[in-house]
Structures are given as C-alpha cells and as structure tokens.
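Down below is the structure, laid out as structure tokens.
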Amino acid sequence: MSAPAPPMHSPAARAMAERLGLTMGRANLEAYADTLLALAREDHRIMAVTSDSRGSGKLGPFGQALPTQIVEVGIAEQNLVGIAAGLAACGKKPFATSPACFVTARSLEQVKNDICYSDVPAVVVGISAGVSYGALGSTHHSLHDFAALRAIHNIAIVAPADNAETIAAVRLAAAAAHPVYLRFGKAAMHDLPPAIGGAPFAFGRARALREGTDAAILATGETVIHAVLASAALAEEGIRCRVVSMPTVRPLDGDAVLAAGRECGAVVVAEEHCVHGGLGEACATLLLTSRLSVPFTIAALPDADTVTGSQADIFRHYGLTMEGLAERVRGLLR
Amino acid sequence: MTRSPLSDRDLLRKSIEYRRDTLRAIVEAGAGHTGGSLSCIDILNVLYNRVLRITPENWSSAVRDRYVQSKGHSVEALYVVLADQGFYPRDQINTLCQYRSPYIGHPTRKVPGIEMNTGALGHGLPICVGMALAAQRDGHDARVFTLLGDGELAEGSNWEAAMAAAHHRLDNLTAIVDHNTLQITGATRDVCSNEPLDAKFAAFGWHVRQVNGHDLAALKAAFTDPGPPGVPVCVIADTIKGRGVSFMEGVLKWHHGVPSADEHARAEGEFSAALAAWESSR
Ligand SMILES: [Mg+2]
C-alpha cells in the first residue's frame with residue numbers, strides 16, 4: 001500500500017525531486033511494521049507491545065499473524081514501558097510502540113529507570129513523531145524527545161530518514177543488546193539517493209548523500225529529504241553543499257560532524273525537534289569542544305508556541321524545506 | 001552448593017538474625033530505611049527460604065522464579081537475605097552506601113541476586129506484569145513476585161498494571177503489599193487514603209488474601225496456595241513498621257531514622273533476648 005504523496009513540497013521542490021530521480025516511498029511507520037512482522041516470524045522473542053496503538057502503529061497485520069507475540073496494555077504508557085522492560089528482562093525482544101509524544105514524556109521515568117538504568121534490551125518506538133500530528137496541537141507533538149533521551153544514559157536514539165534507513169534501523173534494533181529508541185513519522189517519504197561510497201547503515205555512522213565543501217547540512221529524520229533538495233537548488237547557484245544524513249542522534253558520528261566543520265565553509269543542522277537539546281546542540285557542543293569555529297546554525301523549531309497545521313504546513317512555517325534550508329545556507333555564507 | 005533444609009523453628013531464628021543484621025548494616029552506613037526494612041523481613045524470609053525458586057545456582061536459568069522489590073528503599077533487608085542465600089559474602093554489605101559500592105540505597109542489578117533496578121515507586125508491578133507475561137507466553141511455570149509499599153500504591157502506574165494483570169489472566173503473578181500503614185509523612189490513611197485496599201484489588205480482578213505479615217506460616221500459605229485459575233494474587237500483609245525493635249514499632253521517625261549508639265545497643269539487647277528465648281523454646 002502506498003500512501004498518497006504528502007503536500008509537503010512546493011511545486012519547485014517537487015520538480016527538483018523529479019529531476020533528481022527520487023521516487024516516493026511509503027511512510028517509515030509502514031516500513032517499520034512490515035519489517036518487524038518479517039523479523040518476528042523468524043525470531044519468536046520479538047514482541048510488539050501496544051497501548052491501544054496497534055492501528056496507528058500499523059501493527060494490525062502483526063497482531064493477526066502472530067497473536068502470541070503482541071501484548072495490548074490499553075491506554076497506559078507507563079505500564080507499556082514497564083511491561084516491555086519486564087519482558088526484555090525475561091529474554092523477550094519487545095518493541096513498545098506508542099506515539100512519540102506520549103512514550104517519551106508520560107513514561108519517561110519508565111524509559112529512564114526500567115529500560116535504560118536496568119539496561120534491558122527493549123526498543124521504544126515513538127510513532128507519529130515530531131509534528132506528524134501537526135494539527136492536533138502540542139499535546140501530540142514530540143519536539144522534546146531527543147533532548148529528554150540525550151540526557152538519559154544508555155539508549156541509542158535513531159530517527160531514520162527514509163524506508164531504507166527504517167528497515168535497516170529496525171533490523172539493528174532487533175539485534176541490539178542495549179536499549180534503542182526509534183522515531184518515525186506517518187507521512188510517506190521520498191527514497192533518498194544512495195549513500196556515497198555505499199557505506200552500510202550502522203548506529204553511529206552518518207551517511208553522506210551529496211558531496212561539497214562550500215557548506216554542509218547535517219540532517220536527521222524527515223528533514224533529510226529537504227536538505228537533499230536544498231543542496232540541489234544551491235548547486236544551480238554554484239554552491240556545493242554537502243548533505244549528511246545522521247540517523248543516529250546518539251551515538252553521534254563525531255567524525256562526520258568534525259569533518260563538516262573542518263572542510264566546509266558553513267554548517268547547518270536540520271531536525272524536526274525543538275532547537276534545544278537535539279542534534280543541533282550535540283553538533284555545536286562537539287565542534288566547540290574540538291576548538292572548531294565555523295559559521296553554524298540550527299534549523300529546527302523555536303522555543304515558542306508551535307503553530308499548527310499539517311506536518312508540511314509546519315515545516316514550511318519554520319523553513320524546514322528546500323527553500324528554507326537553502327536560505328539558511330546562503331545566510332551563513334553571506 | 002546445597003543448603004540443609006530449614007525447619008519452621010529455624011525460620012523463626014532467621015527473622016531475628018535478619019533484623020539484627022539489617023539494623024547493623026544501617027548503623028554501619030549511617031543511612032537506611034529502617035522501619036520499612038524491618039516490616040518486610042518476615043515476608044522476605046518466607047519468600048527466599050520457602051517459596052522462591054531463586055538461588056545462586058539457578059540464577060542463569062530462564063525459567064527461574066522472579067522477585068522484584070518495588071519498595072526499593074527497603075533494600076537493606078534484601079541485601080541481608082540475599083547474602084544469607086549465598087549470593088555474596090555477608091561482609092560485602094559493610095560497604096553499604098560507601099563510595100562506589102554496588103550496595104547502594106536502592107536495588108541494582110550490579111548486586112548478585114537482584115533482578116531489576118528499582119527505587120522510584122510504582123515501577124515494580126508493571127515490570128512484573130511483563131515478566132509474568134513472558135512466562136505465560138513461553139508456557140513455563142515460573143512465578144513472579146513483587147513487594148509493594150502501601151504508600152507506594154498512590155502511584156497510578158500500579159493500577160494500570162493491576163488492570164493489565166487481570167486482563168491477561170496472570171495467575172503466575174503475586175503482588176505483596178507491605179501494609180505497615182505508615183509512609184514518610186504520616187499514616188497512609190491521613191496522607192491520602194488508599195483503603196479499603198482489599199476491595200480495590202478485588203475490584204481490579206485480583207484474588208486477595210489478607211494475612212498477618214509477621215506470621216511465617218500464614219505468609220507461606222498465602223504465597224503458595226494457588227488462587228483461582230487465570231487470576232493474579234494480591235497478598236496484603238498486615239505488618240508493623242519497625243517490627244522487632246520495641247521503640248521503633250509503629251513510630252514514624254524510624255522511616256529512615258538511624259539509631260544512635262545507645263539506641264542500637266538497646267536494639268541489640270532485644271535481638272539477643274529474642275534469640276535466647278528462641279533457644280530456650282526448644
Ligand atoms: Mg508503608
């Protein structure tokens with residue numbers, strides 16, 4: 001099933017994606033659910049744990065195919081995460097799946113203590129993350145999750161950008177010996193160009209998608225496609241802008257960040273998150289503590305009341321678009 | 001390593017020794033949750049010496065029973081009991097709360113025999129629901145126990161888990177409430193009453209037993225008698241905070257009070273007298 005193309009792009013952005021030959025994939029959430037089902041058919045330790053979220057998590061087919069490998073807990077996120085921790089402590093591989101806004105806030109103490117501190121191999125899956133539920137208001141936005149989890153020891157933070165990154169991330173999470181947080185949106189995503197050099201997906205490894213040294217955009221999750229388009233737009237003006245997909249906010253690929261800081265004339269970090277505490281601040285800290293000075297900015301959501309609308313509307317409002325990111329680069333180079 | 005079976009009479013002595021050693025550890029460390037540790041000693045004694053299939057020898061077995069101490073602040077009592085079970089030498093507990101000692105003020109998996117890191121309240125029961133589900137889905141007969149404080153039951157996560165346990169028919173799960181009726185601010189019924197506890201758990205679909213939490217035979221019966229099929233068991237153990245030290249029993253300040261040298265000497269005298277009485281009762 002392919003979701004309709006989201007009204008995320010301007011006509012110019014859509015035309016650019018076509019010129020680059022980028023095809024539209026499915027929602028990362030759907031790629032997650034299919035991958036999890038395929039893995040769970042082979043590995044019966046894998047369990048889906050849901051808080052009345054199997055529909056929004058696209059886990060209906062999983063529940064039908066593997067009824068002994070799904071646990072429903074009702075609308076109770078604290079219990080969701082505690083139960084997942086108990087399952088993981090007893091040899092199961094639970095994927096606790098719930099909207100990111102709830103599972104990283106209401107049950108944050110269970111994530112911190114029961115999963116991270118006890119160090120059990122559970123996977124926390126934040127679905128419809130960022131502003132995927134844009135029109136539903138801040139109750140349903142998760143713009144704090146990177147910040148909250150970065151301040152908690154012992155959990156990988158993974159925000160895949162497209163279906164291929166999602167499939168790889170789910171496979172790695174299923175095999176991980178320690179806690180993992182996966183974060184997905186619900187809109188269909190473009191398939192990204194292949195990583196330069198064909199580097200395999202790995203936690204802690206950035207993936208360079210476009211080369212350049214005039215500037216760099218380091219992006220994570222559903223902003224990466226816009227960074228790719230922005231780089232292509234800048235290329236038409238003669239600005240060569242590197243694009244690096246950073247699917248793991250932690251572990252951070254410090255080498256990729258430092259290389260951008262050393263080799264490029266400016267660095268923009270793009271993320272569907274509050275400007276505080278996310279990938280941008282992680283990169284800024286690393287650059288500064290490494291004594292690297294480079295024109296730098298973070299393209300993210302401000303510390304302000306968040307506008308509402310579709311995810312596309314909100315991305316446009318805050319400049320997380322081809323046009324907006326290109327302008328941030330130009331601004332740093334001016 | 002095999003241990004000689006304890007007679008019921010020996011079990012009575014264990015409770016006295018566990019209380020004595022718990023208080024010694026707290027005095028040594030200069031910190032601890034004295035009252036709540038003393039109230040749950042008899043529960044731990046019966047669990048580890050009569051009920052739980054948890055030993056250093058079977059610790060790596062996937063089908064061992066599980067015990068999670070949700071009222072993690074009473075860890076001193078658990079440390080003493082686990083040492084007695086052979087998980088580590090007794091003198092390890094002398095490092096309680098010292099710099100970099102794993103024997104900290106709440107349970108952690110760095111200590112042999114401890115299942116999960118606890119200490120924030122309202123976490124043990126959801127974790128145990130997950131553990132009981134794992135055993136249920138795998139079709140083995142491991143039993144899962146958690147020890148809850150009565151004040152702790154104000155945490156809403158307990159009731160999320162209570163609902164889920166009944167819904168999923170987890171008859172391999174037993175929640176024990178250390179019903180000492182006190183918490184740090186005062187009597188639980190005055191702080192924010194959760195009574196009637198028995199009716200609450202029953203309404204959530206649990207089989208409830210209420211017993212004298214210092215009667216070893218009654219505790220054993222409550223922990224080993226299976227309830228109705230498909231129904232989780234709640235044992236409300238009526239206990240006395242500070243049990244076993246006359247001047248601590250039911251006195252709020254001993255929630256985390258540490259006895260002075262004089263007070264400790266008095267308590268040691270009471271333990272010695274109790275052991276002498278046990279000896280002469282032969
Ligand atoms: Mg109490």
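Below, chains carry the letters A, B, ... as their sequence lines are ordered, and counting in each starts from 1.
- The residue among B/M116, B/R64, B/H123 with the most heavy atom pairs within less than 4.5 Å of chain A is B/H123.
- Under a cut-off of 6.0 angstrom, the local environment of CZ in A/R106 is sparse, with at most 12 non-hydrogen atoms contributed by other residues, nucleotides or ligands.
- Atom NE2 of A/H153 is surrounded by 12 or fewer heavy atoms from other residues, nucleotides or ligands within 6.0 Å.
- Using a 4.5 Å cut-off on side-chain heavy atoms (C-beta onward), B/N117 and A/N113 make no contact.
- Residue A/R45 qualifies as open at atom CZ: its count of foreign heavy atoms under 6.0 Å is 12 or below.
- Side-chain polar atoms of A/E72 and B/H168 form no donor-acceptor pair below 3.5 angstrom.
- Of all residues in residues 94-110 of chain B, those placing a non-hydrogen atom less than 4.5 angstrom from a non-hydrogen atom of chain A are B/I104, B/T108, B/R109.
- Below 4.5 Å, heavy atoms of chain B meet no heavy atom from residues 130-146 of chain A.
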Under 3.5 Å, which donor-acceptor pairs do the side chains of residues 61-70 of chain A form with other protein atoms, sequence neighbours left out?
| residue | atom | partner | partner atom | Å |
| --- | --- | --- | --- | --- |
| A/Q69 | OE1 | A/H44 | ND1 | 2.9 |
| A/Q69 | NE2 | A/A40 | O | 3.1 |
| A/Q69 | NE2 | A/I46 | O | 2.8 |

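- Residues B/D138 and A/K92 approach most closely at OD1-NZ, 2.5 Å, considering heavy atoms.
- The backbone N or O of A/Q78 lies less than 3.5 Å from no partner atom in the side chain of B/S157, so there is not a single donor-acceptor pair.
- For the residue pair A/A76 and B/E160, the shortest heavy atom distance occurs at CB-OE1, 3.2 Å.
- Contact between B/R66 and A/A89 at its shortest, heavy atoms only, is NH1-O, 3.4 Å.
- Taking a 6.0 Å sphere around CZ of A/R150, one finds it holds more than 12 heavy atoms contributed by other residues, nucleotides or ligands.
- Remark: A/Y117 engages no residue in a ring pair (Phe, Tyr, Trp, His ring centres under 6.0 Å) (not counting sequence neighbours).
- Atom CG in A/L87 sits 6.0 Å away from atom CG in B/L133 (nearest 0.5 Å).
- The choice from B/A120, B/A142, B/G124, B/P126 that makes the most heavy-atom pairs within less than 4.5 Å of chain A is B/P126.
- Atom CG of A/N79 sits about 8.0 Å away from atom CE of B/M163, to the nearest 0.5 Å.
- For B/A161, the parts sitting under 4.5 Å from any heavy atom of chain A are the backbone and the side chain alike.
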